[in-house]
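Here the structure comes first, spelled out in structure tokens, and everything after it is commentary.
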There are 2 protein chains.
Amino acid sequence: MLEHDKSVSIATAAHTHEAISLVESYPAVPLTVDCVIFGFDKHVLKVLLIKSDLAQFAEKYSLLGDNVKSNEDLDDAAHRVLLERTGMKDVYLEQVHSFGKPQRHPGGRVVTTVYASLLNVKHHELSITDHELNWHQIGQLGEMAFDHKEILDVCVNWLQKRIQEHPLAFNLLPKKFSLRQLQNVYEAILNCQLDRRNFRKKFAAMGYLMDTNEMEVNVTHRPGKLYTFDFEAYQQRKKNGIGIDF
Amino acid sequence: MLEHDKSVSIATAAHTHEAISLVESYPAVPLTVDCVIFGFDKHVLKVLLIKSDLAQFAEKYSLLGDNVKSNEDLDDAAHRVLLERTGMKDVYLEQVHSFGKPQRHPGGRVVTTVYASLLNVKHHELSITDHELNWHQIGQLGEMAFDHKEILDVCVNWLQKRIQEHPLAFNLLPKKFSLRQLQNVYEAILNCQLDRRNFRKKFAAMGYLMDTNEMEVNVTHRPGKLYTFDFEAYQQRKKNGIGIDF
DNA sequence: GCAAAAGTGTTGTCCTTACACCCATGC
DNA sequence: GCATGGGTGTAAGGACAACACTTTTGC
């Protein structure tokens, strides 16, 4: 019994050694994460940017990024960076893509994995504003550092597609929202106009909007009903959809 | 004039130095790419696997992976790894996701970026068969090394979604193919049965299938027409699609 | 009472689905 | 001539797009 355990642990040690040697033979690369934080305010889609750390990009804007620690999961790194840069916690983040062109950073080879998020500007007051952290309107952006403009374009496309297939919009809204607010989100992100009646029908038919029996207050027009989104029902019923389309 | 150029180049040197110092302060991480190569043969979806390099996973299967070189773009690394492992060139590869759990590799921290591809088994005879490189049927897979089972599952989901929105299927088929072959691809990947008449109508309505005026030969039944896919027409017309759906 | 946005229904079109019979070939 | 899969049309239902008038509130 002891004999057996011993041979196993010797084999294990040899295996571990082999695996470690292999990994040590790999060149190591500096790794970062960048967060593309989309927000929605009034009628426009915004993105959270800082002024670049580097003198070289002094007047240019940059995504929220930092290096990945040596023993950190990528997802964790993204959440940490967001917390450090903005003070935000408990934010839904999704990995979009990794960028690894050798020349993308002027300081040398850096690979970055990009995460995106959508959130309600009002729910996440910026508790840290170092580096001129601020919301910027998509489509009115200044010059950006590194390849961050290219990255942002990829993320905007990702967002447009994603919001049509997943109920992300509700992250951008207060818990209770009017249909007009919801439609504003879609119009801002998709950059188009939608027919109000068809839009309402669409969401009514899905059956995920719950009437709160409350109304908007303090609006200068007829107040709209307020709804909540029924995430539970959505989770249970969601798609098995097969439909070839392109 | 000279004065001005000089000051610029001094500033540039300072900037470069700052950027380099910054990057040098980042911990570096071993990076790999893994290729999930889907193929289609007769009626079944397959994936290309090797036996793991590591004694620890001696009898387990592994995706085609290797480390990223220190000055190599991720996309290039994926193509190189595929060439080295299989001898295949000019293969369409797409980045799917990066995986970075600290414990995913027994030799220590390794981040991997995963690429997927679809190709025609017949068009790509395996010119290298080291490490028991071979096609394996999806759904009849042995145990896999590392977190490669998890990665493969992500890629299968990616593929199912992707093939419904993009004309990937044609990469898996000969240039000239019958509608039955096309339908087999969809049925294999989506793991379902489709109505033959509706399937044909769907693709006829798209208008991207070109009749070659040729027929199948050497089949034991009425021969079908052979078509080609008109990639050019597709590129020009493709989607501006807006349609919320979830 | 006026400005501003909420709320509501119908119609036509198109897409999707379900479904059954004859045809061309190899053996 | 029979087994195998190729090729075709139609009808019903559901989703989507287009479109106008009345209602409620703040001022």
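The figures here come from the full heavy-atom set of this structure, side chains too, leaving out hydrogens, waters and symmetry mates. Naming convention: chains lettered A, B, ... in sequence-line order (proteins, then strands); numbering from 1 in each chain. Since we're looking at a predicted model, the values are computed, not measured.
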Provide, to the nearest angstrom, the distance between the CG atom belonging to Leu194(B) and the C1' atom belonging to dA18(C).
-> 14 Å
Over how many whole Å does the gap from Phe203(A) atom CZ to dC16(D) atom P extend?
-> 11 Å
Taking NE2 from His43(B) and P from dG5(D), how many angstroms apart are they, rounded to a whole number?
-> 8 Å
Any chance you could list the contact pattern along nucleotides 19-27 of chain C? Use B for base contacts, S for sugar-phosphate-only contacts and - for none, protein heavy atoms under 4.0 Å, 5' to 3'.
-> BB--BBBS-
Are Phe146(A) and Met144(A) close enough that some pair of their side-chain heavy atoms sits under 4.5 Å apart?
-> no
Could you check how far CE of Met206(B) sits from C1' of dC15(C), rounded to whole Å?
-> 12 Å
Using the test ring-ring contact (aromatic ring centres under 6.0 Å, His included), find all partners of Tyr186(A) that sit at least two apart in sequence or belong to another chain.
-> Phe199(A), Phe203(A)
Looking at DNA chain D, which of residues 176-184 of chain A put a heavy atom within less than 4.0 Å of it?
-> none
Residues forming a salt bridge (charged side-chain N to carboxylate O under 4.0 Å, His left out) with Asp90(B), sequence neighbours excluded = none
Can you list the residues that meet the ring-ring contact (aromatic ring centres under 6.0 Å, His included) rule with His79(B), with sequence neighbours excluded?
-> none
Look at Lys202(A) and dA15(D) and indicate whether a side-chain polar atom (N or O) is within less than 4.0 Å of OP1 or OP2.
-> no
For Arg196(A), all residues meeting salt bridge (charged side-chain N to carboxylate O under 4.0 Å, His left out), sequence neighbours excluded | none
Flag the pair Arg104(B) and Glu150(B) as a salt bridge only when some basic side-chain nitrogen lies within less than 4.0 angstrom of an acidic carboxylate oxygen.
-> no
Taking atom P of dA18(D) as reference, at what distance in whole Å does atom CD of Gln193(A) sit?
-> 12 Å
Hits for salt bridge (charged side-chain N to carboxylate O under 4.0 Å, His left out) against Asp41(B), two or more places apart or cross-chain, chain-then-number order -> Lys46(B), Lys122(B)
Separation of dA6(C) atom P from Arg200(A) atom CZ, nearest Å, is 7 Å
Which residues satisfy the side chain to side chain contact (heavy atoms under 4.5 Å, CB included) test with Thr220(B), sequence neighbours excluded?
-> none
In whole angstroms, the gap separating C1' of dG5(D) from CZ of Phe199(B) amounts to 15 Å
Listed partners of Lys149(A) passing salt bridge (charged side-chain N to carboxylate O under 4.0 Å, His left out), at least two apart | Asp153(A)
